[in-house]
Amino acid sequence: MKASVMAVASMKKKSLFVDGVTCRVKVKQLPFMGIICTVMLFIVYRTTDYQYQLTEMESKSDLFYSSKDSDVDITRLNSLPRGIIQERSDLELKPLWSTSSSKSKASVSSSRNLLAMAVGIKQKSNVDALVQKFLSENFTIVLFHYDGHVDGWWDLEWSKEATHIVANNQTKWWFAKRFLHPSVVSIYDYIFLWDEDLGVKNFKPGRYLKIVKSEGLEISQPALDRNSTDIHHRITIRSKRKRFHRRVYDSRGSTKCSDESEGPPCSGFVEGMAPVFSRSAWCCAWHLIQNDLVHGWGMDMKLGYCAQGDRTKKVGVVDSEYIVHQGIQTLGGPSLKKRSNLEQSPKKHVVDVRSEIRRQSMYELQIFKDRWERAVEEDKNWVDPVEAISRRRKQRRKQIRKLKVKLR
């Protein structure tokens, strides 16, 4: 009996001894394994960081070949040495020969902002007053002539310094898609894509841009004076008490705008008559413009996707620098209702151009909506950034409510 008890005791001692040795070995191994893991993590980090830095250097040194937005097939340019390729352009006029004045102009760093408008000769005086405001701030001026009357503008002194592009009966968005490619306007910090029927008596571009930059607005517009002829959305109306605003509160009508409203036309919205884009926002907006849908209806509701972040913060309306929308429709001609000679030619079938333009605009609006829905459905990898931001905001609100309940 004693022998068996002693045997059991000795076995326990042996097991304890073995366990103790094993434990000590494991304790000794832990710091060693930790050092190995730390070294491996450091190596992985340095390798990843090196690859990242290399990629950044390549993208900066060779923008053309690393640009994700480039639609050019690189294999077609293999016959050219890379150093000769100029990816970007601009809309600045170049002299045919160098003079002392042109050299002095080249040495002075000009403002990197652009004003582009679709214009007709009937609005010449209003366009002149508008452009004069921007010339004082050293903007580059581009006029899209939809009526073909370019010669009628040469008597204006600034006209010879502007860039003129002509195409009969084409809209602002048609011109913008074809002549304001992101690579062409990449030197400009802000792109003003405006209509011709805007009153700018109370507007100064320099002060406007100071507000836009200080508030981080990627897409913006000046507020509309309450005396404007055409006001379609309350968010665009000027508030006399504010410097700028990003949302509107309205309980009237079918559209209710409150703190919970996170999309157009309550927040994150500007209208199409006087939008202002940062360079990055325009790069996105240009791709959003449909090549064949020339009136642009419905696109203003989606511009917030190009705001380079939260559209409720990056899109806004500036109140202190406001304009008047005169609502003068000249593209395509006047409506038949305004023509005085309608009774003189009752037998002739005359097309009401304005009615047809409106019908076409409505038709294009529906096409744009269908395309958006189809694109969202087909792109399985696309994550709606607006919905993602909205979800995060709602989660924060819930957390705040819970904290408030706990503190009570």
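- Side-chain atoms of Tyr208 come within 3.5 Å of backbone N or O of Gln221 as a donor-acceptor pair.
- Contact check on Asp189 versus Arg112 returns no salt bridge, with no Lys/Arg side-chain nitrogen under 4.0 Å from an Asp/Glu carboxylate oxygen.
- Judged by distance alone, the side chains of Asp128 and Trp153 never bring a donor and an acceptor atom under 3.5 Å apart.
- Using cut-offs of 30° and 60° on the angle between ring planes, the pair Trp372 and Trp382 is perpendicular.
- Between Arg234 and Asp250 there is a salt bridge, with a side-chain nitrogen of the basic residue lying less than 4.0 Å from a carboxylate oxygen of the acidic one.
- The two atoms that bring Ala116 and Phe144 nearest to each other are CB-CE1, 3.8 Å, heavy atoms only.
- Aromatic ring centres of Phe139 and Trp194: separated by at least 6.0 Å.
- For the side-chain hydrogen bond (donor to acceptor under 3.5 Å, both in side chains) with Gln326, the qualifying choice from Asn227, Asn126, Asp230, Asp197 is Asn126, the only one to do so.
- Of all the heavy atoms in His295 and Trp173, the pair that sits closest is O-CD1, 3.5 Å.
- Under 3.5 Å, the side chains of Tyr249 and Ser261 contain no donor-acceptor pair of N or O atoms.
- Electrostatic pairing of Arg374 and Glu377 does not count as a salt bridge here, judged by no charged N lying under 4.0 Å from a carboxylate O.
- The aromatic ring centroids of Phe192 and Phe134 lie less than 6.0 Å from each other.
- Atom CD1 in Ile165 sits 9.0 Å away from atom CG in Leu143 (nearest 0.5 Å).
- Within 6.0 Å of atom NZ in Lys124, more than 12 heavy atoms from other residues, nucleotides or ligands are found, so the atom counts as buried in its surroundings.
- Donor-acceptor pairing under 3.5 Å is lacking for the side chains of Glu137 and Asn113.
- The pair Glu215-Arg243 meets the salt-bridge criterion, with a side-chain N (NZ, NE, NH1 or NH2) lying under 4.0 Å from an Asp/Glu carboxylate O.
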Next item on the list: In sequence, state the C-alpha distance, the side-chain angles, and the governing distance for Gln308 and Lys314, and then conclude on side chain to side chain contact (heavy atoms under 4.5 Å, CB included).
Entry: CA-CA 7 Å; Gln308 311 302 295; Lys314 298 289 187 179; 5.6 Å; no

Test side chain to side chain contact (heavy atoms under 4.5 Å, CB included) applied to Leu91 and Val184, step by step: CA-CA 7 Å; Leu91 292 164; Val184 175; 3.9 Å; yes

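- In this structure, Lys177 is positioned above the aromatic face of Trp286, its NZ or CZ under 6.0 Å from the six-membered ring centre and within 45° of the axis.
- Nearest approach of Ala162 to His164, heavy atoms of both residues: O-CD2, 3.5 Å.
- Side chains of Leu209 and Tyr190 form a contact here, defined as non-hydrogen atoms less than 4.5 Å apart.
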